[in-house]
Amino acid sequence: MIDDGLKRTGTFTAVVPDAVKLTLWRLAKDRGLLKDNPEAALHDLAGFLSYCILGQEDFEDFNGSEEAKEMLRRLEMVKIFEDGIDAEIVLLTLHAGLADETTAGQYSIEAETETDSANSV
């Protein structure tokens, strides 16, 4: 279902490692999004993943301006609601090195190191 969602939104499934797809599935499962309509949920999340990978322009070329505007709105909401599944998808694409430069340029990853943790105790 994730592969289908990626294909429908213009991303070649071979570009996305299986580990990223599995992580996306686990995120959806852990949040209870697969209970009612797993196909629709996974297509939606794969579409947002595709947007993060392709970037605004390429996503819009394949999906149209209305769909691209909706994905941009979701991306902008990540800045406000940092604990949602869309935020986790953005982090997933950044960590995997898949994020389009326009997506990656808007976000930075700050990981706490072990020495930072030890110094804060």
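Shown here are the ring-ring contact (aromatic ring centres under 6.0 Å, His included) partners of Phe48, two or more places apart in sequence or in another chain: there are none.
In this structure, Leu94 is a member of the same hydrophobic cluster as Leu22, with clusters built from ILVMFWY side-chain heavy atoms closer than 4.5 Å. A single hydrophobic cluster is seen to contain both Leu72 and Val78, as judged by linkage of ILVMFWY side chains at heavy-atom distances under 4.5 Å, directly or through other members.
Put simply, the side chain of Asn63 never gets that close to the backbone of Ala68: no donor and acceptor are under 3.5 Å apart. At distances below 3.5 Å, at least one donor-acceptor pair connects side-chain atoms of Thr23 with backbone N or O atoms of Ala19.
For the atom pair Leu45 CG and Ile89 CD1, the distance stands at 4.5 Å (nearest 0.5 Å). The CD atom of Glu60 lies 12.0 Å from the CG atom of Leu54; values are rounded to the nearest 0.5 Å. For the atom pair Arg8 CZ and Met1 CE, the distance stands at 11.0 Å (nearest 0.5 Å). Rounded to the nearest 0.5 Å, atoms CD (Glu67) and OH (Tyr51) are 10.5 Å apart. Between the CD1 atom in Ile85 and the CZ atom in Arg74 there is a gap of 9.0 Å [rounded to 0.5 Å]. Between the CZ atom in Arg31 and the CZ atom in Arg26 there is a gap of 16.0 Å [rounded to 0.5 Å].
Residues Leu98 and Pro17 share a closest heavy-atom pair of CD1-CD, 3.8 Å. Nearest approach of Phe81 to Ala87, heavy atoms of both residues: O-CB, 4.1 Å. Between Leu49 and Val16 the shortest heavy-atom distance is CD2-CG1, 4.3 Å. Between Thr9 and Ala46, the shortest heavy-atom distance links the atoms OG1-O, 4.2 Å.
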Intermediate values then yes/no, salt bridge (charged side-chain N to carboxylate O under 4.0 Å, His left out), Lys7 and Asp4:
CA-CA 5 Å; Lys7 288 177 195 173; Asp4 188 46; over 6 Å; no

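Side chains of Leu6 and Lys21 form a contact here, defined as non-hydrogen atoms less than 4.5 Å apart.
Counted within 6.0 Å of CZ on Phe12, heavy atoms from surrounding residues, nucleotides or ligands total 12 or fewer; the atom is thus considered open.
The existence of a salt bridge linking Arg73 and Glu70 is confirmed by a sub-4.0 Å separation between a basic side-chain nitrogen and an acidic carboxylate oxygen.
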